[in-house]
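Every number for a ligand or one of its atoms is a count from 1 in the order of the listing.
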Amino acid sequence: MINIKFADGSVKSFEAGISADAVAASISPSLRKKCIAARVNGALVDLNRPIVQDVDLELILEDNPEALHILRHSSAHLMAQAVKSIYPNAQFGVGPEIEEGFYYDIDFGDKVLTDADLPEIEKAMVKLAAQNQILSRREVSKEEALKAFASDKYKTELINDLPAGEVITLYSQGDFTDLCRGPHVPSTKWIKNFKLLSLAGAYWRGDSKNKQLTRIYGTSFFSAEALESYLNLVEERKKRDHRKLGKELDLFMLSDYGPGFPFWLPKGMILRRELESFWYKVHLKEGYQLIQTPIMLNKELWIISGHWMNYRENMYTSTIDDQEYAIKPMNCPGGMLVYKRDIHSYKDFPLKVGELGLVHRHEASGALNGLFRVRNFTQDDAHIFMTEDMIVKEIAELVRLYDYMYSVFGLSYHIELSTRPLEKYIGEIATWDRAEKALADALHSIGKEYKVNPGDGAFYGPKLDFKLRDSMNRIWQCGTIQLDMNLPERFDLTYIDQNGEKKRPVMLHRALFGSIERFIGILIEHYAGAFPVWLSPVQVKVIPVNNNLHLDYAKEINALLLDNEIRVEGDYREEKLGYKIREAQTKKIPYQLVLGDKEVADRSVTYRRYGQEEQVNVSIEDFVKMIKQQIKDLK
Ligand SMILES: [Zn+2]
Ligand SMILES: [Zn+2]
């Protein structure tokens, strides 16, 4: 007999070798029906795995977030099985579950898969799912695994790369077998509400020297309703695509003369300037000093900073007077030189120095994506110099600042703590451990929850990443706070302490928006192009009902709004009123003023707010007051 301890703390005895499935059934048949998998001593396992010793057991039910991951991962297997049934010669790379679904990278040989092929694969999936095939697990030796996948070069490569002694497991459903650690749903009947979404090219193992495989993306849910609401969201996101809206709203453009180097158009420039003014204003209030460091600096500097050895492949270089230069991929080294220009005292700390700095980084052309992935962007950087005992307080202050700035845009967030990378890092491990602990302590001190991302830190220090959630339920990594105990060392930064002795300061790098370009891309989609008044490139559109009768009044109102620093455009073309109103709508201008006889007679305006049907008549003074207040409130 063995003792099984449940999540609620209760303990029950069972015969050794019992499965979690049978345990669930012994509690209640209805509970068993909702079970997807089990967590045994902390590890997720299949429901039918025999339990042979005393364990802690948690049953993973449908509503557990882990269950959805398992379902989606299992759906990738089902998709592969369906693909194999249609394309027997297909070879398979990897098929993980991802944030909102799953994918599988597949080599279709000479066949070029198109969206038109997806319904057939879906149909085969439906058929296979209905057969309720059991997913069975089998441990094998490396030789057996290699034999099982002798005809699949990708799986063969994966098996060969497995460390010696690692347990290799195969999962079979019907006549299809895949290499996998599991766990999975008990049988294919669980996979009912899925959809194949899109195709993309993906280099085998992410390396452009390798063959490009076809990646099929899909998603899967437990309920039809959840799938439907997700598909609606996907449609809405397509409508909000910032590349499409960027063109329609005249915000930015891209040119083949400079892939990944965005051009800002007049309307986009206003939006950008407003965002930057807001940033400057808040930072000055928070006691930051602002600087600007050069775009290009001598290679020697990048050697000192460590970028030349660790980041060289992403840097653009040039030669000036026979010397090698690099275009800055980060603002930090320039910031270090600014710090070093002067002697600093502990009394100056915390010293906060900010820069909206334009950086250039080489990105593979295939990775470029509108404003989301570009080759030059403006980082809203700052470096904070201080003593080690200030870290906790300063981080707490920063999180409060981030809180405020993100709330202005209605963006919520969660924090992730990324620790030392396994391979590329500079500095001592002990230094890293101390830095990681300081970040964690700071978050504890203000009661902020966070998730740990092992090995995801920058090469020069651990970091806190702020993952924003937009109105379309997407997560964006924007803000970051990085504790750097390495660069001060490399640049030999010092300050004079209370005893008049030279000491090494602690330094934080931090960015709030991350990249201004990317942040604007996010905002475009977050707001669907209908920006709050303060950010809108055009805040008011003035439309006379009849040019012959109301043009003078319209121009007078236009001038009055301009005088009040309200961004206004008049539409004085000889077009039908309805046409002009519709056009102002498509440009998502917050306020439309339609001016006719009534308005001229009582010197009023009739406005319509974007997205609302109601027409409101107010005095021009009240209208100006209202808009100015909204701008002031960042509404
Ligand atoms: Zn699997
Ligand atoms: Zn920095």
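- Within His77, the N, O or S atom lying nearest to the Zn ion (ligand 1) carries the name NE2.
- Minimum-distance N/O/S atom of His73 relative to the Zn ion (ligand 1): NE2.
- Between Phe372 and Trp476, the two ring planes are tilted [angle within 30° to 60°].
- Remark: Arg504 is not positioned above the aromatic ring of Tyr495, lacking an NZ or CZ atom under 6.0 angstrom from the ring centre and at most 45 degrees off the axis.
- With respect to the Zn ion (ligand 2), His383 has NE2 as its nearest N, O or S atom.
- Taking the ring centre of Phe102 as origin, the terminal cationic atom of Arg72 falls outside the region bounded by 6.0 Å and 45° from the ring axis.
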ring-ring contact (aromatic ring centres under 6.0 Å, His included) between Tyr104 and Phe92: does it pass, once the steps are laid out? CA-CA 8 Å; Tyr104 217 123; Phe92 297 86; 5.5 Å; yes

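- Minimum-distance N/O/S atom of His509 relative to the Zn ion (ligand 2): ND1.
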